[in-house]
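To start, the structure itself, in structure tokens.
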2 protein chains.
Amino acid sequence: MALEHAILVSLLEQPGSGYELARRFDRSIGYFWTATHQQIYRVLRRMENDGWIEVRAVQQQARPDKKEHSVTPAGRAALSAWLRDPVQPDSVRHEIAVKIRGAAFDDPSALITEVERHHQAHADRLTHYLAGELRDFTGPEAPAAPDAGEELQHVVLRGGIAYERMMLAWLEDVLATLRRIA
Amino acid sequence: MALEHAILVSLLEQPGSGYELARRFDRSIGYFWTATHQQIYRVLRRMENDGWIEVRAVQQQARPDKKEHSVTPAGRAALSAWLRDPVQPDSVRHEIAVKIRGAAFDDPSALITEVERHHQAHADRLTHYLAGELRDFTGPEAPAAPDAGEELQHVVLRGGIAYERMMLAWLEDVLATLRRIA
DNA sequence: TCTTTGTATGCAACTCGTTTCATAGACAAG
DNA sequence: CTTGTCTATGAAACGAGTTGCATACAAAGA
């Protein structure tokens with residue numbers, strides 16, 4: 001049950017509306033925890049009832065009004081407690097791995113296109129991450145002396161980069177294996 | 001919705017009872033797709049209704065009776081169709097990454113123990129995978145000329161090994177970063 | 001003027017997954 | 001002879017997550 005906490009982190013980094021949170025969950029924090037806008041609105045309501053966040057109506061020009069959410073001291077305390085609460089490492093769920101084992105009972109060459117598609121998707125994501133790293137952390141625009149928050153965002157991004165590189169290398173291994181068999 | 005298909009693959013590799021499937025989902029296929037026994041029983045029932053599997057009652061000595069499930073031609077066809085159906089790459093969900101970004105709003109050193117725990121868990125899993133690889137694929141007991149099924153199982157296992165190695169390296173990066181900040 | 005796109009919020013229905021509880025046969029240890 | 005462990009199956013309730021639908025304001029373009 002980490003969506004509440006992911007939202008707390010995102011709102012602490014920058015208060016915002018449900019709509020803005022949904023967009024952040026399509027990039028940035030969403031690289032490691034996904035959510036749709038319906039889920040976000042529902043959880044925001046619950047968090048407000050629990051006193052973790054407070055809502056302020058904001059009038060905008062040239063746009064519909066929005067509700068800006070920010071974290072209360074109680075919300076900060078809840079996040080702090082969660083950070084100290086040990087959770088067990090997430091078990092990975094790789095649909096593609098199930099498919100690869102299933103290929104033993106079907107024509108293995110039929111999977112090659114699918115694996116190539118995944119390879120392309122991971123290559124695209126890696127490119128995207130590397131561009132973000134250059135822009136925010138390693139390029140000329142980047143802060144010379146990053147603060148704790150920036151350091152932590154960077155190390156999480158490095159995790160995403162390492163993951164995509166690992167997947168690319170593995171998918172190439174898979175392709176070579178499928179071609180050998182077929 | 002891949003649990004049905006993961007069960008089909010597992011039953012094609014070896015027919016078995018719900019209980020046996022649940023144990024396989026604690027190792028082997030479960031490294032890439034997890035499920036509890038309740039979920040397995042419920043889905044088996046549905047798959048039987050759909051005609052994907054058939055059930056045979058088996059008397060056992062010194063044990064309660066069991067129901068052995070095996071895949072029907074219709075189930076095989078369903079698997080085949082799924083293998084050809086493009087799915088989008090799974091988005092990863094790393095609770096630990098959310099926690100790391102959250103550490104910017106709390107005492108970062110409080111997270112060090114938690115990250116060390118995760119590091120240990122991944123190290124254990126890597127050891128386990130490597131032992132399995134040696135036993136089944138690279139050791140003296142391994143088949144000299146593996147068939148397609150064994151080749152595919154091995155490449156999936158290599159993926160697990162690569163994943164654990166990547167996580168270990170990244171978690172060390174995270175630890176170094178946390179210690180630098182604290 | 002009408003359609004499309006973007007911002008903004010929300011309900012309802014459904015599926016997926018987890019947790020808790022319950023039952024029952026067989027064996028082994030104390 | 002009671003307790004614990006392993007095998008084996010399942011119901012019920014809940015929580016998490018997805019999909020489809022609905023509404024509304026405003027700008028831009030055809």
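Computation of the quantities below employed the complete heavy-atom set of this structure, encompassing side-chain atoms and omitting hydrogens, waters and symmetry-equivalent molecules. Just so it is clear: chains get the letters A, B, ... in the order the sequence lines come, proteins before strands, and each one is counted from 1.
- Salt bridge B:E151/A:R180: present, at least one basic N to carboxylate O contact under 4.0 Å.
- In this structure, A:E13 does not pair ionically with A:R24, as no charged nitrogen and carboxylate oxygen lie closer than 4.0 Å.
- Whole-Å rounding puts the B:Q39 CD to D:dG17 C1' distance at 13 Å.
- Distances from the side chain of A:Q38 to the nucleotides D:dG10, D:dG20, C:dA8 place D:dG20 closest.
- Protein atom CZ of B:R56 is 13 Å distant from nucleotide atom P of D:dT9, rounded to whole Å.
- Atom CD1 in A:I7 sits about 11 Å away from atom P in D:dG17, given to the nearest Å.
- At a cut-off of 3.5 Å, with distance as the only test, no side-chain donor of A:R23 or A:S17 sits close to an acceptor on the other residue.
- In the model, A:T72 has no side-chain atom that pairs as donor or acceptor with a side-chain atom of A:R76 under 3.5 Å.
- Side chain of B:R93, nearest nucleotide from D:dG17, D:dT19, D:dA16: D:dG17.
- Following rounding to the nearest Å, A:I40 (CD1) and D:dT18 (P) show an atom-to-atom distance of 10 Å.
- Phosphate contact (OP1/OP2 of D:dG17, side-chain N/O of A:T34, threshold under 4.0 Å): absent.
- Contact annotation: B:T36 side-chain N/O to C:dT19 OP1/OP2 distance is not under 4.0 Å.
- Between A:P64 and B:R63, the residue anchored nearer the 5' end of DNA chain C, judged by the nucleotide with its closest heavy atom, is A:P64.
- For A:R42, no side-chain nitrogen or oxygen approaches OP1 or OP2 of C:dA12 to under 4.0 Å.
- Between B:Y41 and D:dG10 there is no side-chain N or O to OP1 or OP2 distance below 4.0 Å.
- Nucleotide D:dT9 holds its P atom 11 Å from the CZ atom of B:R45, rounded to whole Å.
- The residues B:E20 and B:K66 are annotated as salt-bridged, a charged nitrogen and a carboxylate oxygen being separated by less than 4.0 angstrom.
- In this model, the phosphate group of D:dC25 is not approached by any side-chain N or O of A:K66 to a distance below 4.0 Å at OP1 or OP2.
- For A:Y19 and C:dT9, the shortest distance from a side-chain N or O to OP1 or OP2 is not below 4.0 Å.
- Put simply, NE2 on B:H37 is 13 Å from C1' on C:dA24, counting in whole angstrom units.
- Atom CD of B:Q60 is separated from atom C1' of D:dT7 by 8 Å (rounded to the nearest Å).
- An OP1 or OP2 oxygen of C:dG6 is reached within less than 4.0 angstrom by no side-chain nitrogen or oxygen of A:R23.
- One interatomic measurement links the two molecules: CG of A:D26 to P of C:dT7, which rounds to 12 Å at whole-angstrom precision.
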